[in-house]
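Dropping the structure in here first, questions after.
Because the structure is a prediction, the values reported are computed rather than measured. Convention: sequence-line order gives letters A, B, ...; per-chain numbering from 1.
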Amino acid sequence: MFRTRFAPSPTGYLHIGGVRTALFNWLLARQQGGQFILRIDDTDQQRNVHEALQPILDGLRWLGIDWDEGPDVGGPFGPYYQSQRSDRYKAAVERLLAGGHAYYDYSTPEELKAEREAAEREKRPFRYSRRFMATTAAERTAFESQGRQAVVRLKMPTEGTLALDDLVRGRVEFAWLSEQDHVIQRADGTCLYHLANVVDDYDFQITHVVRAEEHLSNTPRQVFMLEALGYPRPAYAHLPFVAEPGSRNKLSKRKLDKYLKNRDFAALVEHARMIAQKIGHPVDADAFNPVIVDFYQTVGYLPDAIINYMALLGWSLDDKSEHFSRQELIEKFSLARVNKAPASFDPQKLMAFEDWHFQQLPPTRKRELAMPFLEKAGLVASPPSDEESLLAEKVIAAAGDRIKMAGDILMFAYFFQPDESLEFDDKAAKKYLQAEGASQLLAKFRCRLATAESFDVTTLEETMHDFVAAETIKIGQIIHPVRVAVTGQSVGMGLFDTLAILGRDRCLRRIDRALT
RNA sequence: GGCCCCGUCGUCUAGAGGCCUAGGACACUGGCCUUUCACGCCGGCAACACGGGUUCGAAUCCCGUCGGGGUCACCA
């Protein structure tokens, strides 16, 4: 039996670091023929859990990280929401109390704070005095008569060490003395995360706890609880953080402004914003943030590209392999080859993977992915006509690797716009249309186009070369003005492809507009 | 501050004592190709945090220093 889990808190978005944790858990479960469980850590959520959870579920599903048990799919050990399992936690607390592994503590927050400050003043590590520890009913009654309220604390060992054989870090040891008597149940009777975590992992029969490094220091108290409860100890693997670009700090959604100071990072976000804007998606940091997976979905990244990139963030197979399909990842992934050091998230490299994966796709698939962007941008009907689909397919074929993600089709919006509303880029028009002699040449070449025998790429190319020879000009003198005239831009795919796709009528109309 | 983790090119990494004058990829950059852009091809820049050991020999083992991060909540 091999069971892993991913336990997100309903925060309203799927963080890129969370994706990596989920992915590793999923990969392991699939590889071992085990189960991947999704559990919702909502012990402290007062707000609308459903609403805050949906984006996380959607994100995982979009990435193809499917769960065998959890929200929407159920499972034999449910419910999978911590908020619905309080009776289980209560029972565990009772057992801990009965076994002498936990106690009622009647100290007030002020008293606790005073102890803590005293320890700090004397420069010794803080450890709770257990002054208001109540282990008998009589003690409880006495404290309660003073108007005190009880939390439940763990009675942690004070000597010896705990050795942990972490699957990525190796052996790690902790001295029990430096552990605290952590609170596991609040004064209001609700329980805290660590207890819930231990109980759930046991109830769900989790065999491998694969989680972020921040939980490494929390592990002793969890092991203490599970041993006190008589539960088996799962295998642990603590993954390094996904760090922010160019640093070792944890990647954070709130620091987008800081990341944007990096030129390359900013360029990528700028490009994505261009796409988002054209399809009417908000671009403020809350709705559109590269730390959140929804960002990539919005602009048309491929889930496989993200999966491939994320897998390599902290894991590698060897010194050669870069590109992996999902299936290869499932076969080849191993915790033993996970790095110990944090890895910084590099959107440029993600983009390189996106490019690679996208170019593997057959043209029809590219078109299927790109079509929704044209629809959302209002450039084609919804659903698109056969004619529009055909046009899109031609554009995609001719654009080749200039289209690196589905949303990039919008860089070629001019193919789909009516001739009358084509806009000319100011700089491009100034440089090429208003150049000396450009309009005369353009007018002459227009006649050639009007009378060309046919309008295929080969003929167009010949026509152009004949024209250049006849006028004794350099090809650049005519090719650039024509491009700007028919596309409004100075950059783009091969000009003859552009002309042929547009067709004679549209080309002539556009040139006429450019000439006036 | 205590405890824990980590430290190879800007970034992701290969490297488990000699194969390393440290390899690959992304990025950057020079050139070629070329109607622009992109691609492609050829080339370049660039790292073992530092100091001590151990050893014939260390990026690899040990110790220390420094640096970075995490954790010490009636948050998850």
Starting at the 5' end of RNA chain B, which residue's closest nucleotide do you reach first, Ala341(A) or Lys349(A)? Ala341(A)
Any N/O donor-acceptor pair, Arg402(A) side-chain to C37(B) base, under 3.5 Å: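 For Arg402(A), whose side chain was compared with the base of C37(B), there is a donor-acceptor pair (under 3.5 Å).
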Closest approach of Tyr103(A) and Met133(A), non-hydrogen atoms and distance?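 Residues Tyr103(A) and Met133(A), closest heavy atoms: CD1-CG, 3.3 Å.
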Please determine whether any donor N or O and acceptor N or O are separated by less than 3.5 Å between the side chain of Lys340(A) and the base of C6(B).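 No, no donor-acceptor pair under 3.5 Å.
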Phosphate OP1/OP2 of U71(B): any Asn218(A) side-chain N/O under 4.0 Å: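 For U71(B), neither OP1 nor OP2 has a side-chain N or O of Asn218(A) closer than 4.0 Å.
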What nucleotide, of A14(B), A27(B), U11(B), holds the atom closest to the side chain of Asp264(A)? A27(B)
Of the listed G69(B), C39(B), A73(B), the closest approach to the Arg116(A) side chain comes from A73(B)
Rounded off to whole Å, could you give me the OH-to-C1' distance for the Tyr309(A) and A27(B) pair?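 So the two atoms are 12 Å apart, to the nearest Å.
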Between G23(B), U71(B), C37(B), which nucleotide gets closest to the side-chain atoms of Glu214(A)?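 Selected nucleotide: U71(B).
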Using a cut-off of 4.0 Å on non-hydrogen atoms, how would the nucleic acid contact of Gly492(A) be classed: base, sugar-phosphate, or nothing? base
Consider the side chain of Asp401(A), meaning its heavy atoms from C-beta on, and name the nucleotide among A38(B), C72(B), U11(B) that approaches it most closely. A38(B)
Would you kindly check whether a donor in the side chain of His182(A) faces an acceptor in the base of A73(B), or vice versa, at under 3.5 angstrom? no
